[in-house]
Amino acid sequence: MFKELRKNHWIYIIENIIKLFRESYFLIILAFVNWRNEWWIYPVLGGGIVIVIIISIVNWNLVKFQVEGNSLIYNKGIIEKKKMKIPFDKITTIDIGISIFNRIFNTCSTKIDTGASKINKTKIKLKIKMDEAKELKNIILKN
């Protein structure tokens with residue numbers, strides 16, 4: 001099932017957009033409070049929304065993963081492309097998180113850590129369907 005390169009579930013785009021807006025909500029509030037009568041604020045905010053959506057789609061499109069032999073291959077990056085090959089025996093934990101949003105779309109957040117994750121070298125976060133996450137976990141634990 002994971003032999004070819006796969007992307008995160010499309011719901012990753014929505015969650016990333018929500019996350020980016022949550023991180024910048026104070027700028028939006030500040031813009032409306034200080035410049036609510038200025039005509040130019042609306043095109044600027046609209047442009048910001050478009051940029052956030054484009055960044056989320058590009059980020060989703062560039063993160064790919066696959067299982068190759070006894071390793072997990074993880075590709076990401078725009079400017080600095082990274083390809084990590086993580087042997088299954090180096091993986092220390094596989095966490096599966098389910099939020100209310102995930103339950104609606106039958107997805108989950110899967111976090112894969114290795115011993116090197118203490119220095120944030122190989123911490124992988126995937127957004128995949130629940131049954132795929134369970135199968136990936138079984139594949140890794142069998143090996």
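Index from 1, following the sequence. Every heavy atom of this structure was used, including side-chain atoms; hydrogens, water molecules and symmetry mates were not.
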- [ ] Decide if atom NZ of Lys125 counts as having more than 12 heavy atoms of other residues, nucleotides or ligands within a radius under 6.0 Å.
- [x] no
Open item on the list: Side chains of Ile11 and Lys127, heavy atoms from C-beta outward: is any pair under 4.5 Å?
Closed with: yes
Task: Asp95 and Thr110, any side-chain heavy atoms less than 4.5 Å apart - done: no
- [ ] Report whether Leu126 and Leu5 are members of the same hydrophobic cluster (ILVMFWY, side-chain heavy atoms less than 4.5 Å apart, transitive linking).
- [x] no
TODO: Output the distance between atom NZ (Lys76) and atom OH (Tyr74), rounded to the nearest 0.5 Å.
DONE: 5.0 Å
TODO: Find the distance between CG (Leu72) and NZ (Lys90) and round it off to the nearest 0.5 Å.
DONE: 15.0 Å
Open item on the list: Between Asn102 and Ser99 (side chain of the first, backbone of the second, donor and acceptor by atom type, cut-off under 3.5 Å), is there such a pair?
Closed with: yes
Task: Backbone of Lys3 reached by a side-chain donor or acceptor of Gln66 within 3.5 Å - done: yes
- [ ] Kindly say whether Asp113 contributes a backbone atom to a donor-acceptor pair with the side chain of Thr92 at under 3.5 angstrom?
- [x] yes
TODO: Compute whether any side-chain donor of one residue and acceptor of the other, for Asn61 and Lys7, lie under 3.5 angstrom apart.
DONE: yes
- [ ] Flag yes if Ile139 and Ile112 sit in one hydrophobic cluster, no otherwise; membership is Ile, Leu, Val, Met, Phe, Trp, Tyr, and two members link when side-chain heavy atoms are under 4.5 Å apart.
- [x] yes
Open item on the list: Quick check on the hydrophobic clustering: are Met130 and Phe2 connected, directly or via other members, by side-chain heavy-atom contacts under 4.5 Å?
Closed with: no
Open item on the list: If hydrophobic clusters are built from ILVMFWY residues whose side chains come within less than 4.5 Å, do Leu141 and Leu136 share one?
Closed with: no
Open item on the list: Working to the nearest 0.5 angstrom, can you tell me the gap between Ile140 CD1 and Ile86 CD1?
Closed with: 9.0 Å
Open item on the list: With rounding to the nearest 0.5 angstrom, report the OG to NE2 distance, Ser109 to His9.
Closed with: 12.0 Å
Open item on the list: Assess the residue pair Glu132 and Arg6 against the criterion (salt bridge (charged side-chain N to carboxylate O under 4.0 Å, His left out)); give the C-alpha distance rounded to whole Å, side-chain angles, the decisive distance to 0.1 Å, and a yes or no.
Closed with: CA-CA 11 Å; Glu132 293 174 349; Arg6 298 176 50 110; 2.7 Å; yes
Open item on the list: Would you compute the distance between atom OG of Ser71 and atom CE of Met84 and round it to the nearest 0.5 angstrom?
Closed with: 13.0 Å
Task: CD1-CG distance between Ile17 and Leu20, expressed to the nearest 0.5 angstrom - done: 8.0 Å
TODO: List in chain and number order the residues that pass salt bridge (charged side-chain N to carboxylate O under 4.0 Å, His left out) with Lys134, two or more places apart in sequence or in another chain; answer none if no residue qualifies.
DONE: none
- [ ] For Trp60 and Asn8, indicate whether the former's side chain and the latter's backbone hold a donor-acceptor pair under 3.5 Å.
- [x] yes
Task: Distance-only donor-acceptor check, side chains Ser56 and Asn59, under 3.5 Å - done: no
Task: Any Ile73 side-chain heavy atom under 4.5 Å of Phe65 side chain - done: no
- [ ] Not counting sequence neighbours, which residues clear ring-ring contact (aromatic ring centres under 6.0 Å, His included) with Phe105? List them please.
- [x] Trp10, Phe101
- [ ] Apply the test side-chain contact (heavy atoms from CB on, under 4.5 Å) to residues Thr107 and Ile128: give CA-CA distance (whole Å), side-chain angles for both, the deciding distance (0.1 Å), then the verdict.
- [x] CA-CA 5 Å; Thr107 59; Ile128 54 180; over 6 Å; no
